[in-house]
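Encoded as structure tokens, the structure appears first; notes follow it.
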Amino acid sequence: KTTFVKADIFESDYSKATVLTLFLLPQLNLKLRPTILNMKPGTRVVSNSFNMEEWEPDETVRVEAECTSWCTAYLWIVPAKVDGTWTTSGGDLTLKQTFQMVNGTLGSNAIANGRLHGTELSFTAGNVKYVGQVNGTSIKGTTASGGAWSSWDCFRELIRSLI
């Protein structure tokens with residue numbers, strides 16, 4: 001289930017990978033970051049000791065016992081792309097995405113605690129907690145009270161139909 005390949009990291013195709021393990025210097029992580037962000041949402045990326053600057057890791061683990069160097073591991077989950085305006089029955093869902101962090105509005109309500117974990121989007125708007133699964137041009141989910149909600153991106157759907 002694991003493949004090791006000796007190749008140029010900037011020329012290789014990572015599209016089928018579900019886990020990417022790195023032990024690269026920070027400037028190489030940053031140079032590879034656009035490629036990583038274009039990988040399939042939900043892909044796990046683990047780096048030994050070196051981060052990706054403003055892209056905050058989803059988890060950080062440090063080995064304390066008997067470790068003298070290279071003791072920190074960072075985990076990122078590649079987020080789905082949701083930046084833009086989505087249509088819902090409750091009004092426009094306008095999202096501004098910075099890596100896995102999301103803010104914006106749902107109708108006239110500001111979004112709080114917006115976050116992506118792969119394809120899972122969660123946020124609070126108007127004191128209602130929303131959780132949904134992003135699937136290309138649509139998002140389907142539930143509210144904390146069990147109500148269903150959905151959203152679609154008309155512009156993305158139009159582009160997809162033209163390709």
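Excluded from the calculations below are hydrogen atoms, water molecules and symmetry mates; all remaining heavy atoms, backbone and side chain alike, are included.
Between Thr60 and Thr72 there is a side-chain heavy-atom pair separated by less than 4.5 Å. The shortest side-chain heavy-atom distance between Glu53 and Pro26 does not fall under the 4.5 Å cut-off. Side-chain contact check for Leu93 versus Trp149: some heavy-atom pair is nearer than 4.5 Å. Between Thr87 and Trp152 there is a side-chain heavy-atom pair separated by less than 4.5 Å. The closest side-chain heavy-atom distance from Leu22 to Phe50 is not below 4.5 Å. Residues Asn135 and Thr119 have side chains not in contact (no heavy-atom distance under 4.5 Å, counting atoms from C-beta outward). Side-chain atoms of Asn38 and Ser15, non-hydrogen and from C-beta on, never get closer than 4.5 Å to each other. In this structure, Lys96 and Asp83 have side chains that are in contact, with non-hydrogen atoms separated by less than 4.5 Å.
Between the Glu59 side chain and the Leu75 main chain, no donor and acceptor come within less than 3.5 Å of each other. For Glu120 (side chain) and Gly42 (main-chain N/O), no donor-acceptor pair under 3.5 Å exists by modelled atom type. Judged purely by atom type and a 3.5 angstrom limit, Lys81 uses its side chain to pair as donor or acceptor with the backbone of Leu37. Distance alone, capped at 3.5 Å, is enough to place a donor-acceptor pair between the Thr88 side chain and the Gly91 backbone. Not one N or O on the side chain of Trp86 forms a donor-acceptor pair closer than 3.5 Å with the backbone of Ile139. Side-chain atoms of Gln97 come within 3.5 Å of backbone atoms of Ala80 as a donor-acceptor pair (strictly under, hydrogens ignored).
Here Arg33 contributes atom CZ and Glu54 contributes atom CD; the two are 4.0 Å apart, rounded to the nearest 0.5 Å. We find the OG1-CD distance between Thr35 and Glu11 to be 9.5 Å, quoted to the nearest 0.5 Å. Considering CG of Leu116 and OG of Ser122, their distance stands at 7.5 Å, rounded to 0.5 Å. How far OG of Ser12 is from NZ of Lys6: 12.5 Å, rounded to the nearest 0.5 Å.
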Test side-chain contact (heavy atoms from CB on, under 4.5 Å) applied to Val131 and His117, step by step: CA-CA 11 Å; Val131 177; His117 188 265; over 6 Å; no

Can you check side-chain contact (heavy atoms from CB on, under 4.5 Å) on Gln133 and Lys140, steps first, answer last? CA-CA 5 Å; Gln133 288 295 318; Lys140 293 183 180 181; 5.8 Å; no

With side-chain hydrogen bond (donor to acceptor under 3.5 Å, both in side chains) as the test, would you mind laying out the steps for Thr94 and Asp92 before giving the verdict? CA-CA 6 Å; Thr94 303; Asp92 283 347; 5.4 Å; no

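In the hydrophobic clustering of ILVMFWY residues, with side-chain heavy atoms under 4.5 Å counting as a link, Leu30 and Val46 come out apart. Follow the hydrophobic side-chain contacts under 4.5 Å out from Ile36 and you never reach Met101; the two are in separate clusters. A continuous path of ILVMFWY side-chain contacts below 4.5 Å connects Val134 to Ile111, so both sit in one hydrophobic cluster.
Closest approach of Met39 and Leu20 over heavy atoms only: SD-CD2, 4.1 Å. Across Asn113 and Thr124, no two heavy atoms sit closer than the pair ND2-OG1, 4.2 Å. Of all heavy-atom pairs spanning Arg44 and Ile77, the tightest one is CG-CD1, 3.5 Å. Nearest heavy atom pair, residue Pro57 against residue Tyr74, reads CG-CD2, 3.6 Å.
Taking the six-membered ring for Trp and thresholds of 30 and 60 degrees, Tyr130 and Phe123 have nearly parallel ring planes, at less than 30 degrees apart.
With Leu95 as the partner, the side chain to side chain contact (heavy atoms under 4.5 Å, CB included) test is satisfied by one option alone out of Leu106, Asn103, Leu121: Leu121.
Annotation: ring pair (Phe, Tyr, Trp, His ring centres under 6.0 Å) contacts involving residues 6-45, sequence neighbours excluded, comprise Phe23-Trp70.
In this structure, Lys31 places its NZ atom where only 12 or fewer heavy-atom neighbours from other residues, nucleotides or ligands lie under 6.0 Å away.
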